[in-house]
Undergrad: 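Below is the structure I would like to discuss, written out as structure tokens.
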Protein chains: 2
Amino acid sequence: MQGDTVIFKVLRGVRNAINFPRLRNPLHLVSPMDFSELKSVCCGCSIRELCLPAGLTDQEVLLLDQHMSHRQPIKKGESLYRTGDTFRSLYAVSTGFFKTSILHEDGRSQVTGFQMAGEILGLDAISTDRHICDAVALEDSVVCEVPFERFEELGQLMSNLQRRFNRTLSSEIVREQGIMLLLGSMRSEERLAAFLVNLAKRFSIRKQSGSELVLRMTREDIGSYLGLKLETVSRLLSRFHDEGLLDVHGRNIQILDQVGLNRLVGST
Amino acid sequence: MQGDTVIFKVLRGVRNAINFPRLRNPLHLVSPMDFSELKSVCCGCSIRELCLPAGLTDQEVLLLDQHMSHRQPIKKGESLYRTGDTFRSLYAVSTGFFKTSILHEDGRSQVTGFQMAGEILGLDAISTDRHICDAVALEDSVVCEVPFERFEELGQLMSNLQRRFNRTLSSEIVREQGIMLLLGSMRSEERLAAFLVNLAKRFSIRKQSGSELVLRMTREDIGSYLGLKLETVSRLLSRFHDEGLLDVHGRNIQILDQVGLNRLVGST
DNA sequence: CGATTGGTTGAGCCCATTCAACGAATGTGG
DNA sequence: CCACATTCGTTGAATGGGCTCAACCAATCG
């Protein structure tokens with residue numbers, strides 16, 4: 001134990017001596033001309049605190065910003081990446097809406113998630129250096145490309161960034177466990193209610209209405225995500241409508257009874 | 001772009017100059033007496049390459065070993081941690097078998113995984129600093145406790161370790177996506193077949209028989225994991241037995257027709 | 001020894017699926 | 001501009017896969 005602490009103090013000393021102080025130096029080394037070329041992307045981004053830069057200082061964000069983020073538009077229906085593509089970058093959704101889905105050998109597919117502003121795409125590819133799912137834009141969108149090799153290097157220099165990223169990865173694990181619970185032990189109406197509640201919550205965090213949802217995905221996408229058939233989703237939406245929980249007009253859904261919907265999920 | 005590269009070279013230079021060379025120094029600073037107290041744990045571990053130290057050099061493993069791993073026995077039926085416990089450490093299974101499960105408010109629970117030698121427990125807790133599932137030993141087991149704060153510090157100093165850890169987290173995401181596919185779009189017999197094939201594969205990687213399985217979990221555990229009722233699991237095992245795919249004697253299961261089982265899953 | 005836990009099997013039921021028809025909206029090319 | 005195809009969504013009727021309920025057995029444990 002004693003030996004442990006000694007070594008650790010040394011290690012920590014080394015890290016502190018070099019990591020944080022040097023962190024600022026590189027920026028100072030850049031000529032004024034270079035500085036003028038640096039356009040802040042993340043710094044002025046409205047969803048900064050929902051995204052990778054969450055919890056970083058302005059200085060840190062600036063560093064991340066200039067060396068990492070590369071904005072890129074994606075048209076509705078286009079793929080950001082496909083299964084089998086070699087993995088080079090993570091993508092943070094800036095604006096828009098995506099779905100990710102994995103393919104089974106026999107042609108069946110499973111939607112594994114819907115991503116909106118601030119959420120990260122491609123985390124699953126880190127493990128194998130290849131994308132194992134398809135990411136498709138469900139509306140015209142903009143993503144920030146984050147070259148992963150560089151990001152890892154930056155993580156080594158910014159412990160704060162690395163710590164946040166560990167949390168991002170862990171959150172994705174938690175999210176998926178929630179889906180496992182949903183798929184493994186909820187009935188259809190509970191699944192759909194949970195889905196709508198989750199979507200509403202994520203919209204409202206982003207300062208959008210938490211009761212008026214504009215679905216960007218088809219009934220089939222929802223069904224795949226929830227382990228249901230599209231007809232079942234359609235029927236359930238109609239039933240929720242009849243029961244006064246929702247107002248359903250195609251993809252425009254207004255939540256009329258938030259409490260009733262939550263009761264269905266079982267939480268609260 | 002030019003500016004990018006300049007700064008990056010500097011950053012990389014800083015890292016290289018301090019990270020790897022210094023890495024060895026702390027050990028040299030320790031007195032001989034301290035050295036004698038250091039017992040290698042991971043270094044001699046038979047599953048080293050399946051566990052956190054995978055891909056590290058001997059020197060790096062030694063460092064990880066001495067400051068991180070703390071072996072700890074867990075009796076069958078005991079909890080390694082419970083939902084709500086504050087998160088301090090990850091645990092690597094050294095020997096034995098665990099299950100993790102999350103609890104729904106209304107009492108329902110969902111088994112989210114079974115962990116065997118070399119697999120890491122607690123990854124989901126990183127996101128919130130609290131454990132969000134229960135981890136229970138299904139047989140007498142030994143785990144290596146890895147205090148996470150220290151591990152993060154070490155990751156900052158060993159880029160290799162950090163990179164591997166990113167992959168570990170990502171692999172867990174991929175694993176869970178596989179379960180989502182299973183729960184969302186497979187029929188009961190496919191699920192059970194996939195489960196058995198996966199279990200057999202993991203046993204055989206660990207130099208154990210890939211055809212003679214000794215299940216450590218109950219039918220109910222399996223059912224929860226696969227989104228089925230225990231009766232369904234029992235019936236399916238009986239059917240597989242009748243069809244000559246398996247030899248089932250309680251928890252001792254021998255796979256008789258590997259090919260037939262794989263055909264059920266749909267892969268190959 | 002009874003009590004408890006885990007496993008198997010049967011009978012009937014129900015929820016979600018399958019199959020099918022139809023309508024609305026959108027886009028495309030002549 | 002219309003005719004046509006395509007995609008998406010809704011709704012009905014019938015089916016069936018997995019669930020519920022229940023009885024029974026085996027192993028383990030106090």
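Keep in mind that what you see is a predicted model, and the values were worked out from it rather than measured. First the proteins, then the strands, lettered A, B, ... as listed; each starts at 1.
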Undergrad: Between atom CZ in A:Arg251 and atom P in C:dA25, what is the gap in whole Å?
TA: 14 Å
Undergrad: Quick one: list whatever passes side chain to side chain donor-acceptor pair (under 3.5 Å) with B:Ser185, sequence neighbours left out.
TA: none
Undergrad: In whole angstrom, give the distance that lies between atom CZ of B:Arg219 and atom C1' of C:dT5.
TA: 14 Å
Undergrad: Tell me: CG of B:Leu215 to C1' of C:dG6, nearest whole Å?
TA: 13 Å
Undergrad: Please list all pairs passing the salt bridge (Lys or Arg N to Asp or Glu O under 4.0 Å) test where one or both residues lie in residues 111-135 of chain B, with sequence neighbours left out.
TA: A:Arg167-B:Asp129, B:Glu119-B:Arg202, B:Glu119-B:Arg206
Undergrad: Report the distance from atom NE2 of A:His249 to atom P of D:dC8, rounded to the nearest whole Å.
TA: 21 Å
Undergrad: With sequence neighbours left out, write down each residue that passes side chain to side chain contact (heavy atoms under 4.5 Å, CB included) with B:Ile74, or none if nothing qualifies.
TA: B:Gln72, B:Glu78, B:Leu80, B:Phe98, B:Ala137, B:Val143
Undergrad: Per the end-axis method with five pairs at each terminus, what is the bend angle of the helix from C:dC1-D:dG30 to C:dG30-D:dC1, to 10°?
TA: 30°
Undergrad: In terms of the angle between their ring planes, are A:Phe97 and A:Phe203 parallel, tilted or perpendicular, with boundaries placed at 30° and 60°?
TA: parallel
Undergrad: Between atom CZ in A:Phe240 and atom C1' in D:dT11, what is the gap in whole Å?
TA: 17 Å
Undergrad: Among residues at least two apart in sequence or on other chains, which ones pass salt bridge (charged side-chain N to carboxylate O under 4.0 Å, His left out) with A:Arg108?
TA: A:Asp106, B:Glu190
Undergrad: Check whether the side chains of A:Arg48 and A:Ser46 place a donor and an acceptor atom closer than 3.5 Å, and report yes or no.
TA: no
Undergrad: Tell me: CG of A:Asn252 to P of C:dA24, nearest whole Å?
TA: 18 Å
Undergrad: Got a sec, which residues hit side chain to side chain donor-acceptor pair (under 3.5 Å) with B:Ser224, two or more places apart in sequence or on another chain?
TA: none
Undergrad: State whether A:Ser238 places a side-chain N or O below 4.0 Å from either non-bridging phosphate oxygen (OP1 or OP2) of D:dT11.
TA: yes
Undergrad: Using whole Å, report how far CG of B:Asp242 lies from P of C:dG10.
TA: 10 Å
Undergrad: Side chain of B:Ser234: nearest nucleotide among C:dG6, C:dT8, D:dG9?
TA: C:dT8
Undergrad: Got a sec, which residues hit salt bridge (charged side-chain N to carboxylate O under 4.0 Å, His left out) with A:Arg235, two or more places apart in sequence or on another chain?
TA: none
Undergrad: Only pairs under 3.5 Å count here: list side-chain donor-acceptor contacts from residues 241-249 of chain B, not counting sequence neighbours, and write none if there are none.
TA:
from: B:His241; atom 1: ND1; to: B:Val248; atom 2: N; distance (Å): 3.0
from: B:Glu243; atom 1: OE2; to: B:Arg239; atom 2: NE; distance (Å): 3.4

Undergrad: When you compare the protein's N or O atoms with those of nucleotides 15-23 of chain C, which come within less than 3.5 Å of each other, and at what distance?
TA:
from: C:dA16; atom 1: OP1; to: A:Ser188; atom 2: N; distance (Å): 2.7
from: C:dA16; atom 1: OP1; to: A:Ser188; atom 2: OG; distance (Å): 2.9
from: C:dA16; atom 1: OP2; to: A:Ser188; atom 2: OG; distance (Å): 2.9
from: C:dT17; atom 1: OP1; to: A:Lys229; atom 2: N; distance (Å): 3.3
from: C:dT17; atom 1: OP2; to: A:Lys229; atom 2: N; distance (Å): 3.3
from: C:dT17; atom 1: OP2; to: A:Thr232; atom 2: OG1; distance (Å): 2.2
from: C:dT18; atom 1: O4; to: A:Arg235; atom 2: NH2; distance (Å): 2.9
from: C:dC19; atom 1: N4; to: A:Glu231; atom 2: OE2; distance (Å): 3.4

Undergrad: Of all residues at least two apart in sequence or in a different chain, which pass the side chain to side chain contact (heavy atoms under 4.5 Å, CB included) check with A:Ser234?
TA: none
Undergrad: Without decimals, in angstroms, what is the distance between B:His241 NE2 and C:dT8 P?
TA: 11 Å
Undergrad: Sequence neighbours excluded and cut-off under 3.5 Å, please list the side-chain donor-acceptor pairs for residues 252-260 of chain A, or say none.
TA:
from: A:Asp257; atom 1: OD1; to: A:Val259; atom 2: N; distance (Å): 3.3
from: A:Asp257; atom 1: OD1; to: A:Gly260; atom 2: N; distance (Å): 2.8

Undergrad: Could you go over nucleotides 28-30 of chain D and give all protein N or O partners under 3.5 Å, atom names and distances?
TA:
none

